Amino acid sequence: MANPRLLIDQKLEPGAEIALDEAQARHVGTVLRLDAGDGLRVFNARHGEWRASVSAKTKRGMRVRVEALIREPREAPDLDLLFAPVKRHATDLIVEKATELGVRRIRPVITQRTIAETVRVDRLQSIARESAEQTERFDAPEICEPLSLARALDGWDASRPLIYADEAGDDASAPWGGDTGRAAPILDALQKVKAERLALLIGPEGGFTPEERRMLRSLTHVIAVSLGPRILRAETAAIAALSVVQSAWGDWR
Ligand code: SAM
């Protein structure tokens, strides 16, 4: 692996000596087996990515010395992902893939049909950090505390359109848009979006309730979209929709 990357929240400047915390020392020293003198890269969103080397590896811990700037920081697009937590493995996948796909904030929302009521934010944060290191980002997305859908929408900043993946389509009574009642194709909707910031909402395994759908569709900053003629698993929907968003609006261009 090209010199491994480590997200370090402290100030990065030439000659800085940084003591790794226990988890970082375990990752660098035990998992990656780096020794004194070995090279690595340290980075964060404020100071960019720097060449560094292990300056000490003892039983008491590890230190790295920052050497030279490699890359200036580059911000991920201002894109939030709101998703209803699903089974643990699928939730982990959503967080890991949303990190690779450049999401800035990941916001778990508890909907009426959400099964996973508890969300281990600290656990999801470490998945996001690890994925940020692998995917060559300069920051790890923030994992927010779970909120009910209603609370998440309450006082919403209308300058951030909310792209709502509406599998149920235009007929509020139908469980699913099928061949006729689907919402607007996501790509068509995105081509009309001129906002500098955006959010995407993906529902739980059981989808949104008719009341939730009526509430969502009543909000002017909510844009209901279809992800095509098949029902996607929540994790597939999140990954697919984020890909289209980054390609049509975000930083894939
Ligand atoms: N209501 C679905 C059903 O009838 O089985 C289950 C919901 S689906 C597994 C999980 C979430 O993914 C949905 O709430 C929606 O946000 C998104 N989704 C899945 N397929 C979609 C589609 N074809 N169009 C829009 N959103 C979709």
Side-chain angles (χ1 to χ4, degrees), residues 79-103 105-119 124 141 143-144 146-153 156 160-193 198-250:
L79 174 59
D80 287 8
L81 170 66
L82 285 77
F83 78 103
V86 283
K87 291 188 184 65
R88 178 167 154 167
H89 167 71
T91 291
D92 292 358
L93 190 72
I94 289 173
V95 169
E96 182 182 76
K97 299 314 167 196
T99 302
E100 292 173 60
L101 291 169
V103 165
R105 247 167 258 96
I106 297 176
R107 306 174 54 188
V109 287
I110 308 303
T111 68
Q112 290 173 31
R113 293 179 183 162
T114 298
I115 295 170
E117 292 288 320
T118 53
V119 176
L124 296 182
I143 310 288
C144 302
L147 287 177
S148 70
L149 178 61
R151 285 240 0 246
L153 294 174
W156 185 273
R160 182 186 298 276
L162 175 57
I163 304 290
Y164 151 45
D166 177 6
E167 79 280 11
D170 299 330
D171 175 356
S173 61
W176 145 237
D179 293 332
T180 52
R182 292 205 293 269
I186 182 170
L187 200 51
D188 295 2
L190 285 169
Q191 266 139 15
K192 298 183 188 101
V193 167
L198 209 54
L200 170 69
L201 169 63
I202 302 290
E205 287 101 328
F208 292 99
T209 61
E211 302 89 317
E212 287 171 334
R213 285 163 32 199
R214 269 192 288 278
M215 181 262 290
L216 282 160
R217 282 169 163 263
S218 70
L219 299 170
T220 49
H221 50 271
V222 169
I223 305 169
V225 298
S226 166
L227 301 178
R230 287 169 292 281
I231 296 176
L232 309 177
R233 284 180 180 277
E235 58 273 28
T236 314
I239 295 168
L242 284 172
S243 304
V244 176
V245 166
Q246 288 298 38
S247 177
W249 172 86

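In this chain, numbering begins with 1 at the start of the sequence shown. Treat the numbers as computed from the prediction; the structure is a model and nothing was measured. One-based numbering, in listed order, for ligands and for the atoms of each.
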For ligand 1, which atoms sit closer than 4.0 Å to a heavy atom of D166?
-> 25 (C), 26 (N)
Donor-acceptor pair, side chain of R160 and main chain of L198, under 3.5 angstrom = yes
In ligand 1, the atoms that come under 4.0 Å of a heavy atom of F208 are 14 (O), 16 (O)
R230 heavy atoms, cut-off 4.0 Å: which ligand 1 atoms fall inside?
-> 20 (N), 22 (C), 23 (N)
Heavy-atom contact under 4.0 Å between A84 and ligand 1?
-> no
Do any N or O atoms from the side chain of Q112 and from the backbone of E212 form a donor-acceptor pair under 3.5 angstrom?
-> no
Closest approach of F208 and I202, non-hydrogen atoms and distance?
-> CZ-C, 4.0 Å
Backbone N or O of I110 within a donor-acceptor pair of the S148 side chain at under 3.5 Å?
-> no
Examine the proximity of ligand 1 to T236 and report which part, side chain or backbone, both or neither, has a heavy atom under 4.0 Å away.
-> neither
Atoms of ligand 1 close to I231 [distance to a heavy atom under 4.0 angstrom, numbered from 1] | 2 (C), 3 (C), 4 (O), 5 (O), 20 (N)
Ligand 1 atoms in contact with G207 (distance to a heavy atom under 4.0 Å) | 1 (N), 6 (C), 7 (C), 14 (O)
Any idea which part of A237 is under 4.0 Å from ligand 1, heavy-atom wise: side chain, backbone, both or neither?
-> side chain
Decide whether an N or O pair under 3.5 Å exists between L201 and ligand 1.
-> no
Nearest heavy-atom contact between P210 and R113 is CD-NH2, 3.9 Å
For ligand 1, the portion of R182 having any non-hydrogen atom under 4.0 Å away = neither
Donor-acceptor pair, T114 side chain versus T111 backbone, under 3.5 Å?
-> yes
Judged by non-hydrogen atoms, does V225 sit under 4.0 Å from ligand 1?
-> yes
Pair E211 + R214, salt bridge at N-O below 4.0 Å | no
Considering only heavy atoms of A165, which atoms of ligand 1 have at least one such atom less than 4.0 Å away?
-> 15 (C), 16 (O), 25 (C), 26 (N)
Which atoms of ligand 1 are found less than 4.0 Å from any heavy atom of I202?
-> 12 (O), 16 (O)
Output yes when K87 and E205 qualify as a salt bridge under the 4.0 Å nitrogen-oxygen rule, no when they do not.
-> yes
Pick, from R113, E205, E167, the option with the minimum heavy-atom distance to atom 6 (C) of ligand 1.
-> E205
To the nearest 0.5 Å, tell me how far R88 CZ sits from T118 OG1.
-> 10.0 Å
